[in-house]
Amino acid sequence: MHLDQNKYRLEGGVDPLALADKYGCPLYIYETAVMKSQFDRLSRAFALPSLKINYACKALNNISVLRFFKSLGSGLDTVSIEEVRIGLLAGFTPSEIIYTPNCVSIDEISEAVSLGVKVNIDNLSILEQFGELYPSYPVCIRINPHILAGGNTKISVGHIDSKFGISFHQTPHIHRIVKTNGMKVEGIHMHTGSDILDIDVFLQGAEILFQVASEFKDLAYIDFGSGFKVPYKEEDIETDIEELGEKITSRFTRFCKDYGRNLTLMFEPGKFLVSQAGIFLVRVNVVKQTTSTVFAGVDSGLNHLIRPMLYDAYHKIVNISKTEGRSRIYTVVGYICETDTFGVNRKMTEIHEGDILAFYNAGAYCYTMSSNYNSRFRPAEVLVHEGKDYLIRHRETLEDLLKTQIALDIFQTDDDQQSSK
Ligand SMILES: *Cc1c(COP(=O)(O)O)cnc(C)c1O
């Protein structure tokens, strides 16, 4: 979304206020043009013929968004068997899907095998069971390189205390399991978690991965995961993709030369591809002045966008109903019956009840983390593509809320039975 002559506009000049009118609020809107430019940026930064980008669909899993990524030539990164199934329904072939679960049962992994997708294993116990059951099914192994590349401690996953991956110190035992069962290791993987700020730390992790990879002779790919940081505020730093791309590309080329064969370089970004592609529109129900604060109370809450309350994520908020005039300071809160704050001390153009506010960076981990808390309906989702808007998920109804519930009739009172006769 951008400002154009004092009006907010989406891709192709689409007016977000018109979409709020047409579909109602609260509303998630995604722009394919932003997803594509991020995808192209990554492809350019890692300019290798054998680059494969697998979109991490837990960030935003609408099936139409998956289809769009498929049309760009992306593969799919999945973390549950449900995501695998949605990916297949979206049209990805099994070989385009990599499945990276954590702490799932061997039964779920067996299901992934029966669907034919790439399987990435992140602990020795499952690796052993897998080797006994499917010795000839190629596997990828998730290595924990024990690095902390930056960011929020709740979303860092590659450090020593993390539950993810097999420690690179345990490589000798991986070899024992692989050799004993006659397994074929086709990929080596790491994913260090979100918000890489320090490229050098990431490169140290990559060195460890190259070291481990050099010990496996049947590799087809090395997967460096993701964790690319995107800006949330004007002054925010983001991962320097271009610099990282240059460094990884030349190092990877050198590795392949030593290895004696060209391997595929894989990444699995979620946030980088979709965060900035999304906005979330809400309507202001109440402007409430207390002794110390001016609150703007909106028709949504942590049930629709939990990131600020869950891990202090910052979402820029603007009043798109009014782009000119004086600014005031607001604390933007939701309607959920507990502390439900979206943003504190936010300066924006003066808010009147009924105005529409837009949250930036609402593409990743927003809708997918939403819930029905307080029995609220989840919002609709709209995709803006080449100047047109498409509804890709309808707003929920009471019927949707009750669909999975069973209303027992054993608790009826005599009065109820009388009146129902
Ligand atoms: C969540 C996840 C990703 C995507 O991370 P982003 O920070 O959204 O890019 C990639 N790979 C795996 C295994 C994940 O769990």
Side-chain angles (χ1 to χ4, degrees), residues 50 52-54 56-58 75-85 87-88 92-145 157-158 162-192 205-206 208-226 252 255-256 259 261-268:
S50 61
K52 185 77 191 168
I53 296 170
N54 296 317
C57 69
K58 76 173 188 284
L76 199 68
D77 180 70
T78 60
V79 293
S80 71
I81 200 71
E82 291 84 351
E83 285 187 352
V84 170
R85 289 190 178 282
L88 291 169
F92 288 93
T93 63
S95 68
E96 289 171 327
I97 298 177
I98 180 161
Y99 166 64
T100 303
N102 175 254
C103 291
V104 305
S105 69
I106 187 72
D107 295 345
E108 187 172 311
I109 291 177
S110 294
E111 213 177 321
V113 168
S114 72
L115 295 171
V117 299
K118 290 193 170 76
V119 174
N120 189 5
I121 291 181
D122 94 330
N123 69 81
L124 291 171
S125 164
I126 290 285
L127 187 67
E128 262 186 297
Q129 296 174 59
F130 190 93
E132 276 166 29
L133 288 169
Y134 313 106
S136 59
Y137 197 93
V139 284
C140 177
I141 293 177
R142 179 172 186 172
I143 298 293
N144 186 333
V157 295
S162 164
K163 67 169 183 158
F164 297 97
I166 301 172
S167 166
F168 73 92
H169 296 300
Q170 290 175 312
T171 317
H173 202 69
I174 298 174
H175 284 297
R176 260 175 237 130
I177 294 170
V178 166
K179 201 165 166 222
T180 310
N181 294 305
M183 300 169 76
K184 185 180 168 200
V185 176
E186 65 167 5
I188 295 290
H189 168 276
M190 74 170 187
H191 171 61
T192 55
I208 289 166
L209 212 62
F210 284 130
Q211 175 57 43
V212 174
S214 68
E215 300 171 19
F216 292 89
K217 296 302 161 206
D218 298 321
L219 293 184
Y221 57 89
I222 299 181
D223 186 337
F224 287 97
S226 177
F252 188 76
F255 174 84
C256 290
Y259 192 75
R261 209 146 43 75
N262 272 335
L263 301 181
T264 297
L265 173 65
M266 297 208 311
F267 284 101
E268 45 192 40

[X] side, atom [atom1]; [Y] side, atom [atom2] - distance, nearest 0.5 Å:
| X | Y | atom1 | atom2 | result |
| --- | --- | --- | --- | --- |
| Ile222 | Phe252 | CD1 | CZ | 5.0 Å |
| Cys57 | Glu268 | SG | CD | 11.0 Å |
| Lys118 | His189 | NZ | NE2 | 12.5 Å |
| Ile126 | Ile121 | CD1 | CD1 | 7.0 Å |
| Gln129 | Ile177 | CD | CD1 | 10.5 Å |
| Lys52 | Leu265 | NZ | CG | 12.5 Å |

Legend entry - Ser136/Lys184 under side chain to side chain contact (heavy atoms under 4.5 Å, CB included): CA gap, chis, key distance, verdict: CA-CA 6 Å; Ser136 59; Lys184 185 180 168 200; over 6 Å; no

[X] vs [Y] side-chain heavy atoms within contact, under 4.5 Å:
| X | Y | result |
| --- | --- | --- |
| Leu209 | Phe168 | no |
| Asn181 | Glu132 | yes |
| Val104 | Ile109 | yes |
| Tyr221 | Ser50 | no |
| Pro94 | Leu115 | no |

Inset, instruction - Evaluate the criterion side chain to side chain contact (heavy atoms under 4.5 Å, CB included) for residue pair Phe267 and Asp77; output intermediate values, then yes/no. - result: CA-CA 9 Å; Phe267 284 101; Asp77 180 70; over 6 Å; no

Report the residue from [options] that forms a side-chain contact (heavy atoms from CB on, under 4.5 Å) with [X].
| X | options | value |
| --- | --- | --- |
| Val212 | Ile143, Ile174, Ile141 | Ile143 |
| Leu127 | Met183, Arg142, His173 | Met183 |
| Thr78 | Thr100, Ile97, Val117, Ile98 | Ile97 |

Legend entry - salt bridge (Lys or Arg N to Asp or Glu O under 4.0 Å) partners of Glu96, counting only residues at least two apart: Lys70

Inset, instruction - Please identify each residue that fulfils salt bridge (Lys or Arg N to Asp or Glu O under 4.0 Å) with Glu111, with sequence neighbours left out. - result: Arg85

Look at the side chain of [X] and the backbone N and O of [Y], then say whether any donor-acceptor pair between them is shorter than 3.5 Å.
| X | Y | result |
| --- | --- | --- |
| Asn144 | Phe164 | yes |
| Glu108 | Ile81 | yes |
| Tyr259 | Ala213 | no |

Inset, instruction - Go through the side-chain N and O atoms of Ser110 and Tyr134 and say whether any donor and acceptor fall under 3.5 Å apart. - result: yes

Legend entry - Least distance between heavy atoms, Gly75 atom then Asn54 atom: CA-OD1, 3.2 Å

Legend entry - Taking every non-hydrogen atom, the tightest pair across Ile188 and Cys140: N-SG, 3.9 Å

Inset, instruction - Using the side chain to side chain contact (heavy atoms under 4.5 Å, CB included) rule, take Leu124 and Ile166 through it: C-alpha gap first, then chi angles, then the decisive distance, then the call. - result: CA-CA 7 Å; Leu124 291 171; Ile166 301 172; 4.0 Å; yes

Inset, instruction - State yes or no: are the ring centers of Phe210 and Phe224 separated by less than 6.0 Å? - result: yes

Legend entry - side chain to side chain contact (heavy atoms under 4.5 Å, CB included) between Asp218 and Val185, intermediate numbers included: CA-CA 6 Å; Asp218 298 321; Val185 176; over 6 Å; no

Legend entry - More than 12 heavy atoms of other groups within 6.0 Å of Lys179 NZ: no

